[in-house]
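Scope of the values below: all heavy atoms of this structure, side chains included, with no hydrogens, waters or symmetry mates. Chain identifiers are assigned alphabetically (A, B, ...) following the order of the sequence lines, protein sequences preceding nucleic acid strands; residue numbering begins at 1 within each chain.
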There are 2 protein chains.
Amino acid sequence: MATPLPPRRRPTMVDVAARAGVSRALVSLVFRDQPGASAETRARVLAAAEELDYRPDSAARLLARGRSRTLGVLMTVREPFEADLVEAIYPEAERLGYEVLLSARTPGRDEATAVEGLLAHRCEAIVLLGPDVDDAFLAALGARTVAVVVGRAAPGLDSVHSADAEGVRQAVDHLVGLGHRAIVHVDGGTGPNAAARRTGYLTALAARGLGDRARVLPGAYHEDAGIAAAQTLLAGPELPTAVLAANDRCALGLLDSLRRNGIDVPGQVSVVGYNDDRLARLSHVDLTTVRQDAGLLARHAVRAAAARLDDPDRAPGETVLTPELVVRGTTAPPVRGERR
Amino acid sequence: MATPLPPRRRPTMVDVAARAGVSRALVSLVFRDQPGASAETRARVLAAAEELDYRPDSAARLLARGRSRTLGVLMTVREPFEADLVEAIYPEAERLGYEVLLSARTPGRDEATAVEGLLAHRCEAIVLLGPDVDDAFLAALGARTVAVVVGRAAPGLDSVHSADAEGVRQAVDHLVGLGHRAIVHVDGGTGPNAAARRTGYLTALAARGLGDRARVLPGAYHEDAGIAAAQTLLAGPELPTAVLAANDRCALGLLDSLRRNGIDVPGQVSVVGYNDDRLARLSHVDLTTVRQDAGLLARHAVRAAAARLDDPDRAPGETVLTPELVVRGTTAPPVRGERR
DNA sequence: CGGCGCGACTAGAGCGCTCTAGTTCCACGA
DNA sequence: TCGTGGAACTAGAGCGCTCTAGTCGCGCCG
């Protein structure tokens, strides 16, 4: 139907070889930066390639060498924290000599489809961002290829995530230190890590002798959950003086909803998020939050994948990074000595 | 160094063929859904493939057939509007029988690098999202491959974008219709389309006899520009009653900054964005904005790429879609008959 | 009963690379 | 004078597919 090849054929190694007056193999050497070509030949080959606007075809290259040296990254397009991760994956992958292929999970395209696409392109390992994938799927994937999960624990696979309970503890300690006693947690519902954060919250409160003041509001990892939680709080008899949200997006919804209803943050209510994504850092948001260092997570993930690829027998490991509270503008001491 | 092949070799067509007791070619037929295999053979092949967990290697496939049927998409990871576009590109590409490869431009990875990656993977066409690419680059790219630009005009290339002047006109008309006279425009600076929107604003005001009331504040396509603009306005002698922001992100910064300073939106100041990205639609933002239909833009872009690929001699075309004002909660009539 | 067309299937030549195993050529030392 | 070793380069066999040009058998027609 259509012309099988574009009018001006893409140049190949043969063309370059012919133009430079050498063999195909030599061109290959030059392009792989291997020893075995004299400086002037090398220059001649490069010049010829330049003139022809030649660039190696990675499909062929991939086919010919055993390894593709390609990492597949499964992501969503909406999550700011994942964007931070992606940005950090590229340089680390490059450093280790890997290419990166991105595949997005969208409402109409599930993780299985996205992963098939990556695997068909011979990705040697898959890095799964954002923990919204189910366990069975992960297990199956892990059996088929090298997979690294970022953002949550994944039994049997390599995973890189941060210590949620510790992060939450820091947040709680910060709030308690400021004088807060009525600290509500809007949780992540059934979302991944939500249980860990919830438990962390309860434990931290108990440790501060505030176990009986614990109050968990059902939530989720997105803005709407924050909004809903704000409605619940506003409808209640008395506002807490501080709220610990499931993540930054949830905190954002909460923040906006509170302010819209005339509540001063942090004057009347302090708000703490979780993740420290780009949005939280924006000057107009200026959210106090628990930082999960995206760069560090990404680097560890890429390294885990590479290490696993170099040594397939390596036992899968869980890397747990310590999160760190970042105090910004949404937390302050409570208004005044609260009643009771 | 490392084992060149993973312990359990990935199965190939030969394995499937052997197991099904047919030739390699027949397996190929079956997997390409071509006629020439009987129903039972087809079933047998599929069963064998299933048992072996075989899946075709797209590198080899790509190499063997002339065309890769792959579309490369150049994106950023941060722009919500681009996320909307990506989500819409997948289904349309699939419908037309194309695979999609994503490549991100990040602070540390310029568009040239991102595009090289895509091209090396034999993408037949590149769809460039977000117009943040320079003209010279586009021209060079257009000469090398099929390229479609989404979001702005690109002389000499296929492009799909919306009529900015028209969108701005609708916004202005809406505001004027509500009774606003003091309408400020925070522009997109030197950003793409900024000039068109600026001119559209001036023209629309003039058409309403408000030419002398025009006021353009220098801005950009991100939140910080909105914040800065808010500061400028707040520092001024009198607030305008309405602000037309360069895009939604800018509007968001503006919105937040105004509200933080105790300004009621839309009570005291109305705010209008541009794009209607996912963020604008969030219930806590509820921004009146000019919708660029991401789905439509994406579909047109993919179709343009496909059409171009089917007929390389097709002249590059500019598709201009009509944007549409979406009235939400950030616009209202001005407080009261303003002075003068 | 020979030929023909057709459905089912196969052989084998690429696609553009990589990589192993050479081959050439040229010092250089004994 | 003849190895000998190393640098520079080449031949050719794949990698896992696709696709063209078959072959084979079978029912059917004249």
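The side-chain contact (heavy atoms from CB on, under 4.5 Å) search around Arg65(A) returns Arg61(A), not counting sequence neighbours. Ala47(B) pairs by the side-chain contact (heavy atoms from CB on, under 4.5 Å) definition with Glu51(B), not counting sequence neighbours. Among residues two or more places apart in sequence or in another chain, the side chain to side chain donor-acceptor pair (under 3.5 Å) test is passed with Thr41(B) by Ser38(B). Residues passing the side-chain contact (heavy atoms from CB on, under 4.5 Å) test with Ala93(B), sequence neighbours excluded: Leu71(B), Tyr98(B), Val100(B), Val302(B). For Thr106(B), the side-chain contact (heavy atoms from CB on, under 4.5 Å) partners are Glu87(A), Tyr90(A), Val77(B), Ala104(B), Arg109(B), not counting sequence neighbours. Listed by chain and residue number, Arg152(B) satisfy the salt bridge (charged side-chain N to carboxylate O under 4.0 Å, His left out) test with Asp135(B) (two or more places apart in sequence, or in another chain).
Of the two residues near DNA chain C, Gly21(B) and Arg122(B), the one whose nearest nucleotide lies more 5' is Gly21(B).
Sorted by first then second residue, the salt bridge (Lys or Arg N to Asp or Glu O under 4.0 Å) pairs that include residues 119-129 of chain A, not counting sequence neighbours, are Arg67(A)-Glu124(A), Arg122(A)-Asp57(B). Here side chain to side chain donor-acceptor pair (under 3.5 Å) pairs that include residues 298-308 of chain B, with residues two or more places apart or in two chains, are Glu92(B)-Arg303(B), Asp158(B)-Arg308(B).
Remark: C1' of dG16(D) and CG of Leu52(B) are 15 Å apart, rounded to the nearest angstrom.
Side chain of Arg278(A) to backbone of Pro80(A): no donor-acceptor contact under 3.5 angstrom is found.
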Please tabulate, for side-chain N and O atoms in residues 30-37 of chain A, each donor-acceptor pair with protein atoms closer than 3.5 Å (sequence neighbours left out).
unit_1   : atom_1 : unit_2   : atom_2 : d
Arg32(A) : NE     : Ser28(A) : O      : 3.3
Arg32(A) : NE     : Ser28(A) : OG     : 3.0
Arg32(A) : NH2    : Ser28(A) : OG     : 2.9

Dump every N/O contact between nucleotides 4-8 of chain C and the protein below 3.5 Å, one line per pair.
none

Interface polar pairs with nucleotides 17-20 of chain C, N/O, under 3.5 angstrom:
unit_1  : atom_1 : unit_2   : atom_2 : d
dC17(C) : OP1    : Tyr54(A) : OH     : 3.0
dC17(C) : OP2    : Met13(A) : N      : 2.9
dC17(C) : O5'    : Tyr54(A) : OH     : 3.3
dT18(C) : OP1    : Arg61(A) : NE     : 2.8
dT18(C) : OP1    : Arg61(A) : NH2    : 3.2
dT18(C) : OP2    : Ser28(A) : OG     : 2.6
dT18(C) : O4     : Arg24(A) : NH2    : 2.6
dC19(C) : OP2    : Arg32(A) : NH1    : 2.7

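Two end axes, each from the C1' atoms of five base pairs, can be drawn for the helix from dC1(C)-dG30(D) to dA30(C)-dT1(D); they diverge by 70°, to 10 degrees.
In this structure, Arg42(B) reaches neither bases nor backbone, as no heavy-atom distance under 4.0 Å exists between it and the strands shown.
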